[in-house]
2 protein chains.
Amino acid sequence: MTRNVTIKDIARAADVSISTVSRTLNGSSAVAGDKRARVLAAAQELGYEPNAAAQGLVRGRSMTIGVLTQDIASPFYNEVSRGIDAGFAGSGYQPIFVNGHWEIQDESAAITALTRRQVDGLIILGGRLTDQALRDLAARFPLALVGRRVPGLEPMCLSIDNVQGAFLATTHLIQLGHRRIGHLTGVPSQRDAVDRLEGYRLALADAGLAFDPRLVFEGDFNETAGILAVEHWLGQGVGLSAIFAANDQMAYGARLGLYRRGIRVPDDISLMGFDDLPASQFTLPPLTSVHQPLFEMGQQAASAVLHQLLTPDEPLPHPDLPLTLSVRESVRYARP
Amino acid sequence: MTRNVTIKDIARAADVSISTVSRTLNGSSAVAGDKRARVLAAAQELGYEPNAAAQGLVRGRSMTIGVLTQDIASPFYNEVSRGIDAGFAGSGYQPIFVNGHWEIQDESAAITALTRRQVDGLIILGGRLTDQALRDLAARFPLALVGRRVPGLEPMCLSIDNVQGAFLATTHLIQLGHRRIGHLTGVPSQRDAVDRLEGYRLALADAGLAFDPRLVFEGDFNETAGILAVEHWLGQGVGLSAIFAANDQMAYGARLGLYRRGIRVPDDISLMGFDDLPASQFTLPPLTSVHQPLFEMGQQAASAVLHQLLTPDEPLPHPDLPLTLSVRESVRYARP
DNA sequence: CTGTTAGCGCATTCAA
DNA sequence: TTGAATGCGCTAACAG
């Protein structure tokens, strides 16, 4: 753990002033050829690495973007993160990720840690921070939000229309003849869960189908909830020909629950997910799901932050996130 | 984006010197009650947040740990990341994550970005950096390595014995009567892939079974490789009663490939994975797999770094990572 | 107990 | 073109 080499060391080695070192290293103004060469050689020789903290301190910019992710373990956020990485590639800004764990205290702590670190912008994935807290943040930093829609911050929200997505999914099932469709909800305190339930109800109403509360099971976005839902429905003798889970992970659980009962998918019961995680292409059978363009959401979040950073005066364009259904093999016509 | 408030602002507001502000905020030495109160009030009032860059600059420590992860999208690394988070909780150190994407240039760039940011320690998950590069890093920073074994750095390597793990898996299959066991390898340039193949061979030899190269298919750790392997073996008429995939993701792909061919698991063919990803509890059927204690590996990596940071003179204890098989439903006795 | 001062490493202004 | 000097925000001696 030897002391880091600084521009002072280079200056001494190259026999110039530290200003000359700084200038040649940054190309901020012309430097005589020979000195320039000596500085470069010395820097190379000594293995110089600029101290980002010092640079940030004097420049007032850290060239880093803080990304608050909820759970590095969730496949959902992972795809988004990849998009964010891609979106900042070559921009000179570096995204750093910290976890909020879906706990409001952890999230606040993480945001604080990030702002203390003088990040130049912020991307927040989901989370429990209030809309107002987010608006306050937006006033202080270039910001982008993934998976949330905050009134007043629309152009920086990268989120599909969850109501619309659930409507699409449910309608797809209805069009295939399904009349009794179970819905497995997400955590009711999360807006997207509520919206998906809403889309389910709207689709039923739109098709003239009555809403039956027994067909709704409150889940928590994890696989286990899918197993419990199936146990519940089948145990109670609730008849249904299709299940629409508010996310893919719960659909996986439901699939296992059905398997345990000897019920085939899609022969006996159709199964619909939401998110279209990469893994859903490889489940048995491959899962039909509402596609969220997660990678693109991350990429566009990066673009939005970059836009605010580089051209703060130009209006932020509205994001464009298409809503599609990935039709695979877990859904089929309802038996007559 | 108003200017940040600094201790100077607080000093002015509380009518004390900046040192008094610094002292009360850090509790580094006693301060008179009334001044203390005024400072605290002013800090609260103005919404003061210390500038971590400035603190780091003067203290020489940034209180952050850099974590190089390969692919935020991989379920493997995600579990480890959660463990790392847990391991640093309450320590005062904050882990920040950056991605290397399994590209040696990206990895070097990420490490550089991290070191420029003056991280106090480093955790590296997998990756393509050479053993020597890692040893050099270890000489400069408190370091921990997950999923690799570097000669000379044993106590800071959090990795199970891959040879042993594959031996265990293959032996399990052999004991259940399987004689023709296909092995689906990982990327041959990755050490763990090579080790797992080695363990497979050793188990065969140990049981007096001949090694048949036609039973080995070179994969790449992704689902698609599993599908290709099944296509290959079945297309070539290579007979086998069990498949041992070098990771769970390939096992998922193989499972789908078998399903496409109408082959049941485990009735017709047994399937064994490696890693025991959380999702493997919910596949159809739930997958038998070599368990890697990913969360614990992350946690112990954090502990190892903390140990080097806090008690640099004490020897680093050797990590303790038990090797177990998660026996589920994808493997059964071979038919006589 | 408290204020003044000297840097941490760097970019940048100001003279030369 | 160059070096000396200044200050980014903060902590840690150093004198009181």
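A note on names: the letters A, B, ... follow the listed sequences, proteins ahead of strands, and every chain is numbered from 1.
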Exercise. A:Arg117 side chain to B:Ala52 main-chain N or O, any donor-acceptor pair under 3.5 Å?
Worked result: no
Exercise. Any ion pair linking A:Asp136 and A:Arg140 (charged N to carboxylate O, less than 4.0 Å)?
Worked result: no
Seminar exercise, completed: Bend of the helix from C:dC1-D:dG16 to C:dA16-D:dT1 from end-axis comparison, five pairs per end, nearest 10°, comes to 50°
Problem set entry | chain A contact limits on DNA chain C, taken 5' to 3' with a cut-off of 4.0 angstrom to heavy atoms | C:dC8 to C:dT13
Problem set entry | Residue pair A:Leu129 / A:Ser108, side-chain heavy-atom distance below 4.5 Å | yes
Seminar exercise, completed: To the nearest angstrom, the CD-P distance between B:Glu49 and D:dC8 comes to 20 Å
Report, one line per pair, each donor and acceptor closer than 3.5 Å where one atom sits in a side chain of residues 60-68 of chain B; sequence neighbours left out.
residue, atom, partner, partner atom, Å
B:Ser62, OG, B:Thr64, N, 3.4
B:Ser62, OG, B:Thr64, OG1, 3.4
B:Ser62, OG, B:Gln118, O, 2.6

For this session: Please check the phosphate of D:dC10 (OP1 and OP2 only) for any side-chain N or O of B:Lys8 closer than 4.0 Å.
Result: no
Problem set entry | A:Arg36 atom CZ, neighbour heavy-atom count above 12 within 6.0 Å | no
Problem set entry | Polar side-chain atom of A:Arg191 near backbone of A:Arg148 as donor-acceptor pair, under 3.5 Å | no
For this session: Heavy atoms under 4.0 Å is the rule here; annotate nucleotides 11-16 of chain D 5' to 3' with B where the base is hit, S where only the sugar-phosphate is, and - elsewhere.
Result: BBB---
Under 3.5 Å, side-chain donor or acceptor atoms of residues 25-33 of chain B against the rest of the protein: list the pairs with distances, not counting sequence neighbours.
residue, atom, partner, partner atom, Å
B:Asn26, OD1, B:Arg59, NH2, 3.4
B:Asn26, ND2, B:Ser22, O, 2.9
B:Asn26, ND2, B:Ser22, OG, 3.3

Seminar exercise, completed: Comparing nearest nucleotides in DNA chain C, the 5'-proximal residue of the pair B:Val31, A:Asn51 is B:Val31
Exercise. Is there a side-chain contact between B:Glu49 and B:Asn4 (heavy atoms, below 4.5 Å)?
Worked result: no
Problem set entry | Set of residues satisfying side-chain hydrogen bond (donor to acceptor under 3.5 Å, both in side chains) with respect to A:Gln300, sequence neighbours excluded | none
Exercise. Got a salt bridge between A:Arg82 and A:Asp85, using NZ or NE/NH1/NH2 to carboxylate O under 4.0 Å?
Worked result: no
